[in-house]
Amino acid sequence: MDTPLAELAVHTLTEILRVPHPGFLEYEAFDAEAGGILLPSLGLKRAKRTPPTEEVVPLPQQLLATLREAMDIPELEFDQDGDIGVRFGSVAVFVSLIGAPPSVRISARVLADVETTPELASRLNDLNADTWFLHFFLHDGAVYAAADLPAVPFIGEHVASVFVYFCQVADGIDSLLQAEFGGRTAFLESSPSALKH
């Protein structure tokens, strides 16, 4: 049975903290003597606290390694703005770490030099209603796509799968929106996919 407290918790996790899936959640429970308590009925992973090893890989390096593998581009690096930029088809996609606690932000300018009309705004609203984590918005005559996901704990497989999905959607939607509303894409011709299949 749904309760106001449960609804508030779900709203906070999905809309405020932007937790994309329950798989990102962990729990930790213990008694007064710091003894662990198991709660299997929660359906969540139990947090594992391990003492730090002699070498902890910094978060930016974990992100960079994940994207290098996903794109199969070993020479991929951060730019001067702290972004990792890649071309996927006809879009330029940028990935960065933002905020505290940190999140991974994936973004792309999908369409430039487009006229802001009620029809375009309505179309973007429809797209936002159909995607579970990706958001489209208008800013200064351009259409942007963005997605944020938690970076702590860093789970490379999740970041890579969201990144791949983002690239595929952005590369497909830019030409569709251009056909409907004009404007221009980041690149005139699509390049072959560099993603590992």
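Heads up: numbering here begins at 1 and tracks the sequence.
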Main-chain N/O of Pro118 paired with Ser122 side-chain donor or acceptor, under 3.5 Å: no

Atom pair CG/CZ of Leu76 and Arg68 - distance to nearest 0.5 Å: 6.5 Å

Verify same cluster id: Val164, Ile155 (apolar side-chain graph, 4.5 Å): no

Nearest atoms (heavy-atom pairs only) where Glu115 meets Leu120: O-CD2, 3.7 Å

From Leu124 atom CG to Glu119 atom CD, the distance as rounded to the nearest 0.5 Å: 11.5 Å

Sub-4.5 Å side-chain heavy-atom contact between Val152 and Pro102: yes

Flag side-chain contact, heavy atom, 4.5 Å: Leu97 against Pro60: yes

Separation of Asp174 CG from Thr185 OG1 (nearest 0.5 Å): 5.5 Å

ILVMFWY cluster, Leu63 and Ile98 together (side-chain gap under 4.5 Å): no

Shortest non-hydrogen contact from Ser96 toward Gly82: CB-O, 3.7 Å

Distance-minimising heavy-atom pair for Ile106 and Phe163: CD1-CA, 3.8 Å

Gap between atom OG1 of Thr131 and atom CZ of Phe166 - 0.5 Å precision: 10.0 Å

Phe154/Thr66 under side chain to side chain contact (heavy atoms under 4.5 Å, CB included): CA gap, chis, key distance, verdict: CA-CA 10 Å; Phe154 187 85; Thr66 296; 3.4 Å; yes

In one Ile/Leu/Val/Met/Phe/Trp/Tyr side-chain cluster, 4.5 Å: Phe94, Ile84: no

Aromatic centroids of Phe133 and Tyr165 separated by under 6.0 Å: yes

Whether Phe137 and Tyr144 hold their rings parallel, tilted or perpendicular, with breakpoints at 30° and 60°: parallel

Non-hydrogen side-chain atoms of Phe78 and Leu64 separated by less than 4.5 Å: yes

Minimal non-hydrogen separation, Val169 against Phe136, with atom names: CG1-CZ, 4.0 Å

Cluster check Leu67, Ile73: I/L/V/M/F/W/Y, side chain < 4.5 angstrom: yes

Value rounded to 0.5 Å, distance of CG in Asp79 from CD in Glu77: 10.5 Å

For Ala186 against Val91, the heavy-atom pair lying closest together: CB-CA, 4.2 Å

Atom pair CG/CG of Leu134 and Asn128 - distance to nearest 0.5 Å: 7.5 Å

Salt bridge flag under 4.0 Å for residues Arg123 and Glu180: yes

Smallest separation among heavy atoms of Ala70 and Ala160, with atom names: CB-CB, 4.4 Å

Phe187 six-ring face occupied by Arg87 cation (under 6.0 Å, within 45°): yes

Arg105/Val95 under side chain to side chain contact (heavy atoms under 4.5 Å, CB included): CA gap, chis, key distance, verdict: CA-CA 6 Å; Arg105 169 159 293 172; Val95 183; over 6 Å; no

Side chain to side chain contact (heavy atoms under 4.5 Å, CB included) between Leu177 and Leu127, intermediate numbers included: CA-CA 11 Å; Leu177 290 177; Leu127 289 172; 4.3 Å; yes

